Protein chains: 2
Amino acid sequence: MHPPLSHCERCGGHLRFVVPEGDNLKRHVCRPCGHIHYVNPRVVTGAICEWEGRILLCRRGIEPRLGYWTLPAGFLELGESCSEGARRETWEEARAEVEMGPLFSFVNVLYIGQIHMFYRARMTSPHFETTPESTELMLVDEADVPWDELAFATVRYTLQHYFADRARGDYGLHTEDFTQFPPRPAGPPPQRPGAPGEAPR
Amino acid sequence: MHPPLSHCERCGGHLRFVVPEGDNLKRHVCRPCGHIHYVNPRVVTGAICEWEGRILLCRRGIEPRLGYWTLPAGFLELGESCSEGARRETWEEARAEVEMGPLFSFVNVLYIGQIHMFYRARMTSPHFETTPESTELMLVDEADVPWDELAFATVRYTLQHYFADRARGDYGLHTEDFTQFPPRPAGPPPQRPGAPGEAPR
């Protein structure tokens, strides 16, 4: 899971992958200057955006999982809160404006060193637009969710719990550890309806 | 908040701090090879460890905030969940074993690019030991918490809400954004009782 580091980010010297003194895990340590390169899990933050009972989905225009459907989400940036990050990603991927609600799902995605968090959110209008990151967008009822064409296991997990909680009228915080890469059938990404043979851009 | 990066971690080339094409934030980009060094917030995970109503506090034996009291906590590592990380830190800092409970506090510490999370936890025995990271440990009642000698604002926030929730008999999830470095009086760290003038090791 460690990235392929070979040079020191501070002095350019060559790195060794060893256990530093007083530590118990291997780190990339600079041979000349001793600087230790710590690598930690990254946070992906996203939103379940609702408008009149329907949920906003984005068809991915970029890798990974190009052509599959997702909730708006992306890497948390320095200086922003997880909730602000989810709002920003919703704007960047779908040009939709939302009022942010509470944290809804929290998944440790152990096999890729990530934490995926999704917040409940309410769209302030039904407006959305395609963007460089999303080739197609839609507001869907539960019955119309393309479950077989979802981009990520954490999106599936989040939507399943969201609809279940909504039906009960009681929203919780759902936490889970995903320990194994989900099985995914080989093959091309899903086609856009009405555009047979055309790859999503 | 960006760390002082100057060389590419992949090729050793010199970095420029510029907005990459298709992005809207400055990143450290390698001039020769084009590799982009993304820097994202790090997660600190910790535990509120209870034994017969008292809470486990650790006096820090390392910087930052050497000599001040904290809950066991530290940086989340690759391949572990936030809850597992809190249990590991409790063992590393206090040699205490715990049953982990639910997430209790979640603070975006914006001025240092960190997220601090604390979990409720129950000690499985009253055992603890000093460690290289903790010069002194204690189980304290609410009335004996050294509020003026706590190491971090997120520890104070967490303990205040914990005791309030416990008194009400209803534990929630407490989230907050800390936007400014807390004011801290200049001066030496607190002394250990009975050891005047002696610096905590």
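As the structure is a prediction and not an experimental result, all values here were calculated from the model.
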- Item | Side chain Asn108(B), main chain Cys82(A), donor-acceptor under 3.5 Å | yes
- Side chain, backbone, both or neither: which part of Tyr38(B) has a heavy atom under 4.5 Å from chain A? both
- Query: Rounded to the nearest 0.5 Å, how far does NE2 of His7(A) lie from CZ of Arg10(B)?
  - Reply: 12.5 Å
- Checking Val43(B) against chain A: side chain, backbone, both or neither under 4.5 Å from a heavy atom? side chain
- When Gly22(A), Gly13(A), Pro4(A) are compared by non-hydrogen pairs under 4.5 Å with chain B, the top option: Pro4(A)
- Is it the side chain or the backbone of Ile115(A) that comes within 4.5 Å of chain B heavy atoms, both, or neither? side chain
- Task: Salt-bridge test for Glu77(A) and Arg27(B): reply yes if a basic N is under 4.0 Å from a carboxylate O, no otherwise.
- Result: yes
- Working for side chain to side chain contact (heavy atoms under 4.5 Å, CB included), residues Leu78(A) and Val39(B): CA-CA 7 Å; Leu78(A) 290 177; Val39(B) 181; 3.9 Å; yes
- Item | Separation of Ser81(A) OG from Phe106(B) CZ (nearest 0.5 Å) | 8.5 Å
- With a 4.5 Å cut-off on heavy-atom pairs, point out which of Leu5(A), Leu15(A), Leu76(A) contacts chain B the most. Leu76(A)
- More than 12 heavy atoms of other residues, nucleotides or ligands under 6.0 Å from CD of Glu63(B): is that the case? yes
- Could you tell me whether His14(A) atom NE2 has more than 12 heavy atoms of other residues or ligands within 6.0 Å of it? no
- Message: Less than 4.5 Å to any heavy atom of chain B: does that hold for the side chain of Gln114(A), its backbone, both, or neither?
- Response: neither
- Picking from Cys11(B), Cys8(B), Pro102(B), which has the most non-hydrogen pairs under 4.5 angstrom with chain A? Cys11(B)
- Query: Do you know which of Asn40(B), Val107(B), Leu173(B), Leu110(B) has the most heavy-atom pairs with chain A at a distance under 4.5 angstrom?
  - Reply: Asn40(B)
- Within 6.0 angstrom of Glu129(A) CD, more than 12 heavy atoms from elsewhere: yes
- Can you establish whether the number of heavy atoms outside Glu97(A) located under 6.0 Å from its atom CD is more than 12? no
- Task: Any chance you could measure Glu84(A), atom CD, to Asp177(B), atom CG, to the nearest 0.5 Å?
- Result: 5.5 Å
